[in-house]
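Please read these numbers as outputs of a predicted model, since none were measured by experiment.
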Amino acid sequence: MIIKDYRGHRPVVQNVLHPVNDGRDDQVVTYKDAITTIDLSPLFYYLGFQFRRDRTRSLWVVRDCCGLFCAVFTWLLIVFAEYVMWYFILLPSINEFHSFVNGVIFLGFSCLAAISHIRAMFTDPGAVPRGNATRENIETLRLEEGEVVYRCSKCVSIKPNRAHHCSVCRRCIRKMDHHCPWINNCVGENNQKFFILFTMYICIISVHAFYLATRHLVLCPLADSKECSRDSPVLSLVLTVLLLFESVLFSVFTCIMFLTQISAVWTDTTGIENVKRQSHLWERKAGWHSIRLVFGHQFSYCWFLPIHSNFIKMGSYDYDYSV
């Protein structure tokens, strides 16, 4: 058995027929962890909720100041859009039916976007346990003479197939696409569905906000001043223009991200694998099968809800061995 440190495309042989760290944990201790997990099992059990064994009951929190700022800023943008939409555009309108229908639609998609963001942010994206490259774990793999197992030289973990090390999370993430500061988390095997839904719903509410804000700015000069604003017309105009700018910016950005993610899922690749051109290192799955792996076993309304699909095997490990 040959043990190699994995550094990009070119692993360097470190040990042969020896444990990865010889029982020493100095590499793990010096490389500080950036993750805090909060166990919510007692709370959910107290409330009477039951979970399947393959469902996580912990919050995954990445201790990154920039990511936390971006995540909070995302929530504030959604709250700002809701405030301007209801207080300055929908409620002053004399067309109550139009305001009610569009308000319910906008609020519904905003809630789905916020929940998808929270699920993407606080879900373990598929992290490999730190420091699991020990003699005991390697012996359980039952490798034969000449077989190669890779370890991460940073978090000292046995590196599964298609896993990559994130310098922000300081963990190896299975099927890692990229680290997104807007969700303060990596996009990986376990939370890619939530990230895709988040980008889709943000794009929808941005397009919807663009339509309502544009309609308000066009009809406002032709209507009575009371219909244009409940307060200062100048304040209403400024906030509506800001909402219009926000909707244009994020509709374009999230639309590009959504299409990029759907393309990656369909072709069974990730952003990192495309950059490193590693798509030839594994057998690609068919497009529809890859979609089902991310969104669920069969097509249903659950595909569009921020809940775990039934087809994902959370916590499974497929290690890449070669002879």
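Inter-residue side-chain proximity for Phe80 and Leu76 is flagged as unmet; no heavy-atom pair is nearer than 4.5 Å. Inter-residue side-chain proximity for His164 and Glu273 is flagged as met; some heavy-atom pair is nearer than 4.5 Å. Looking at Lys193 and Trp303, their side chains never come closer than 4.5 Å, going by heavy atoms from C-beta outward. The closest side-chain heavy-atom distance from Phe195 to Cys180 is below 4.5 Å. A heavy-atom distance below 4.5 Å is found between the side chains of Gln261 and Val187. With a 4.5 Å cut-off on side-chain heavy atoms, Val265 and Ile196 count as touching. The side-chain heavy atoms of Ile35 and Arg170, taken from C-beta on, include no pair separated by under 4.5 Å. Side-chain contact check for Asp268 versus Lys175: some heavy-atom pair is nearer than 4.5 Å.
Summarising the geometry of Leu90 relative to Gly103, their closest heavy-atom pair is CD1-CA, 3.5 Å, with the distance given to 0.1 Å.
Counting non-hydrogen atoms of other residues, nucleotides and ligands closer than 6.0 Å to CZ of Phe245 gives a total of 12 or fewer. Summarising the local packing, CZ of Phe73 is surrounded by 12 or fewer heavy atoms from other residues, nucleotides or ligands at distances under 6.0 Å.
For His117, the ring pair (Phe, Tyr, Trp, His ring centres under 6.0 Å) criterion is met by Trp75, Phe198, not counting sequence neighbours.
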Chi angles and distances behind the salt bridge (charged side-chain N to carboxylate O under 4.0 Å, His left out) call for Asp33, Arg171: CA-CA 8 Å; Asp33 196 4; Arg171 296 285 188 92; 2.7 Å; yes

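Ring pair Phe253/Phe250 is perpendicular by interplanar angle, where above 60° counts as perpendicular and below 30° as parallel. Ring geometry, Trp288 versus Trp266: the interplanar angle exceeds 60°, so the pair is classed perpendicular (tilted spans 30 to 60°).
Val101 and Ile204 fall within the same hydrophobic cluster, defined by Ile, Leu, Val, Met, Phe, Trp and Tyr side-chain heavy atoms under 4.5 Å apart, directly or through other members. In the hydrophobic clustering of this structure, Ile202 groups with Tyr83; members are Ile, Leu, Val, Met, Phe, Trp, Tyr whose side-chain heavy atoms approach within less than 4.5 Å, directly or through other members. Hydrophobic clustering, with ILVMFWY side chains joined whenever heavy atoms are under 4.5 angstrom apart, keeps Val168 apart from Leu59.
For Asn191 (side chain) and Gly188 (main-chain N/O), a donor-acceptor pair under 3.5 Å exists by modelled atom type.
Among Asn185, Asp124, Thr37, Thr123, the one residue that satisfies the side chain to side chain donor-acceptor pair (under 3.5 Å) test with Trp60 is Asn185.
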